[in-house]
Amino acid sequence: MERNGFTLDADYCRAAEGRARDEEAVCLVELRKWLGTIHCAIPDDFNWASGKQLQELFHGRLALQPSPVWKKGRVKVAEGERKLDQVALEWIRNHSDRSMRRGVDELIRLRRLRGAIKYLAKLPTFIAPDGLVHPVTGPASDGDARSGTITWRLAAKNPEIQQIPSSEEKDWFRIRRAFVAPPDHTLIVADEAALEAVILAHIIIKLFGDHQLAEMVAPGAPNLHSRNAREVYGVQMGWERHGRAVRDFPLECFQDRESYPELYALRQDIKNKVWYAIMYGMQPYGLGFSLRDANDEPIGEKAARLVYDSLLASVPGIHRYQDWALGYIVEHGGMVGFGGAWVDLREFTESGDKWRLARAHRIAQNFPMQEGGARIIGHAMTEISDDPWLRGLGLCLERQIHDELDFRLPDSSPLPEVCARIQKHMTSYPLASKLQVTIGTGANWDDAK
DNA sequence: CGATCACGG
DNA sequence: ACGCCGTGATCG
């Protein structure tokens with residue numbers, strides 16, 4: 001990937017950057033206007049990127065209500081702790097009157113725009129004399145001690161290609177459209193579907209002979225997160241939405257944002273805030289802060305425990321896996337991945353401290369899934385690189401984003417057959433559960449995905 | 001150079 | 001102390 005490089009549309013970046021900077025300027029003017037209407041003067045060199053200055057303004061002079069939540073959980077408001085990250089800002093916004101809300105909204109906008117500008121401005125600077133961008137997957141220089149991860153995942157830097165904004169809500173400028181196929185080429189984007197859930201399904205079969213999760217993530221199975229949303233909120237908790245019992249809706253409704261926004265929101269909650277968090281060891285305490293009610297208030301540990309217990313009750317293998325992982329690290333002082341890597345956790349397990357043991361337990365639960373994912377994608381990468389037919393057709397690997405491989409292919413090559421061969425290699429790792437791959441093609445990264 | 005914030009899986 | 005693994009821009 002470092003040698004192959006990839007093509008970047010620098011003109012697209014510069015045009016989008018120009019629009020973003022224009023909007024940024026508007027934002028700054030609007031913020032000043034807002035402060036004027038509430039009769040609040042700030043120095044000319046006030047820095048909206050300074051957490052310290054922002055805290056003094058919001059919680060000092062404007063006396064906005066401090067948020068009890070931030071991205072990582074609880075804010076100790078009583079102890080004087082204040083947070084102004086995106087999660088906290090949203091809470092503050094929803095608990096402010098209209099005159100204040102105007103300013104908080106504008107600051108949220110400003111952060112978004114600057115997030116986009118960060119990438120749009122710097123990406124073209126990485127174009128090398130050969131016209132390509134060559135990101136680095138090992139140490140970036142003699143002074144760089146970072147050579148990867150303890151789970152054997154790759155990392156990528158200069159530029160950080162695995163962190164390019166993806167979601168439409170976060171990326172107003174579609175940065176991935178700048179990652180284009182070179183002339184007379186097509187991009188191929190191949191993604192392992194729900195990779196870590198498939199790995200956990202494999203582990204649960206091997207440990208307990210339990211095939212439930214494997215069947216839930218198998219090809220042709222009902223959508224995992226829709227199923228979980230209906231099971232947890234409908235069957236287990238008996239909630240109603242759109243004037244009907246949630247349990248009575250067909251699963252397709254949970255993915256229909258237009259017709260059933262309330263069901264769609266339940267599915268998003270389960271997918272983004274519950275499923276992976278629980279797989280990696282989040283407890284009802286933490287879940288009580290990340291899940292919110294209709295007023296954006298954290299639902300609390302007690303209500304979160306219902307969701308937590310419901311999900312574990314409907315997929316008992318996860319709970320058995322968690323117990324198994326704890327017993328394993330207590331006995332062995334570390335955790336093994338199925339690719340053979342080992343993470344030493346003795347500094348936690350031998351400390352005699354229950355919090356450090358809990359930390360080791362979470363690392364241990366996550367490790368086989370992250371390590372296994374790295375093995376599976378690494379296996380696919382080497383199989384594809386070693387395939388003489390693909391090599392002869394000029395297929396080039398451009399990027400790896402943990403569970404996704406991006407290639408370029410000359411247009412003279414047979415696209416459907418190449419995609420089929422990629423799919424075969426990406427599903428060939430021997431597992432008790434079944435790997436699935438989704439493939440897209442296009443002229444740029446955004447279209448192909 | 002540590003802390004905070006924001007982006008991805 | 002109460003999801004895991006990363007990279008990087010910015011502040012103080």
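Fair warning: this is a prediction, and the values are worked out from it, not measured in the lab. All chains are named by letter (A, B, ...) in the order of the sequence lines, taking the proteins before the strands, and each is independently numbered beginning at 1. Heavy atoms only: backbone and side chains are in, while hydrogens, waters and symmetry mates are out.
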Q: Go through the side-chain N and O atoms of A/Asn444 and A/Arg174 and say whether any donor and acceptor fall under 3.5 Å apart.
A: no

Q. Checking all strands, does A/Leu195 fall into the base, sugar-phosphate, or nothing category for heavy-atom contacts under 4.0 angstrom?
A. nothing

Q: Give a yes/no on whether any side-chain N or O of A/Ser50 is located under 4.0 angstrom from OP1 or OP2 of C/dG12.
A: yes

Q) Is A/Lys71 touching bases, backbone alone, or none of the nucleic acid, heavy atoms closer than 4.0 Å? A) base

Q: Give a yes/no on whether any side-chain N or O of A/Lys52 is located under 4.0 angstrom from OP1 or OP2 of C/dT10.
A: no

(Q) Check the phosphate of C/dT10 against A/Asn47, side-chain N and O only, distance under 4.0 Å to OP1 or OP2. Yes or no? (A) no

Q. Would you say A/Gln86 reaches B/dC7's phosphate, i.e. side-chain N/O to OP1/OP2 under 4.0 Å?
A. yes

(Q) We want to know whether A/Asp406 and A/Trp445 form a side-chain donor-acceptor pair, criterion being a heavy-atom distance below 3.5 angstrom. (A) yes

Q: Please report the closest heavy-atom contact between A/Trp48 and A/Trp34, naming both atoms and the distance.
A: CH2-CZ3, 4.5 Å

Q) A/Arg359 side chain: which of C/dA9, B/dG9, C/dC5 is closest? A) C/dC5

Q) The side chain of A/Arg362 lies closest to which of these nucleotides: B/dC7, C/dC4, C/dG6? A) C/dC4

Q: Indicate, with a heavy-atom threshold strictly under 4.0 Å, whether A/Asp171 touches base, sugar-phosphate, or nothing.
A: nothing

Q.
Nearest to the A/Ile150 side chain among B/dC5, C/dC4, C/dG6, which nucleotide is it?
A. C/dG6

Q) With respect to the side chain of A/Ala155, which nucleotide from B/dG9, C/dT7, B/dG8 is positioned closest? A) C/dT7

Q. How do A/Asp144 and A/Ala49 order along DNA chain C: which one's closest nucleotide is nearer the 5' end?
A. A/Asp144

Q: Choose from B/dG8, C/dC4, B/dA6 the nucleotide whose nearest atom is closest to any side-chain atom of A/His402.
A: B/dG8

Q. Strictly by modelled atom types, are A/Ser226 and A/Arg267 linked by a side-chain donor-acceptor pair under 3.5 Å?
A. yes

**Q.** A/Arg102 and A/Glu30 ion-paired at < 4.0 Å
**A.** yes

(Q) Just to be sure I understand the rule, does A/Ala358 reach a base, reach only the sugar-phosphate, or reach nothing, if contact means heavy atoms closer than 4.0 Å? (A) nothing

Q. OP1, OP2 of C/dG8 versus side-chain N and O of A/Lys118: anything below 4.0 Å?
A. no

(Q) Heavy atoms only, 4.0 Å cut-off, all strands: where does A/Gln370 land among base, sugar-phosphate and nothing? (A) base

Q. Counting any heavy atom closer than 4.0 Å, what does A/Leu154 reach on the DNA or RNA strands: base, sugar-phosphate only, or nothing?
A. nothing

(Q) Does A/Gln53 reach a base, just sugar-phosphate, or nothing at all? Heavy atoms under 4.0 Å. (A) sugar-phosphate

Q. What is the nucleic acid contact for A/Arg74, judged by heavy atoms within less than 4.0 Å: base, sugar-phosphate only, or nothing?
A. nothing

Q: Describe the nucleic acid contact of A/Glu301 in one word from base, sugar-phosphate, nothing, applying a heavy-atom distance below 4.0 Å.
A: nothing

Q: Answer with base, sugar-phosphate or nothing: what part of the nucleic acid does A/Arg153 contact at a heavy-atom distance below 4.0 Å?
A: base

Q: Classify the nucleic acid contact of A/Lys170 as base, sugar-phosphate or nothing, counting any heavy atom under 4.0 Å across all strands shown.
A: sugar-phosphate

Q.
Counting the atoms with a prime plus P, OP1 and OP2 as sugar-phosphate, which does A/Thr137 contact under 4.0 Å by heavy atoms, base, sugar-phosphate, or nothing?
A. nothing

Q | P-based separation of B/dA3 from C/dC2 [nearest Å] | A | 15 Å

Q. Looking for any heavy atom pair under 4.0 Å, which part of the strands does A/Gln163 touch: base, sugar-phosphate only, or nothing?
A. base

Q | CZ on A/Phe289 to CE on A/Met282, rounded to 0.5 Å | A | 10.5 Å

Q: Have a look at A/Ile161 and say if it touches a base, only the backbone sugar-phosphate, or nothing, with a 4.0 Å heavy-atom cut-off.
A: nothing

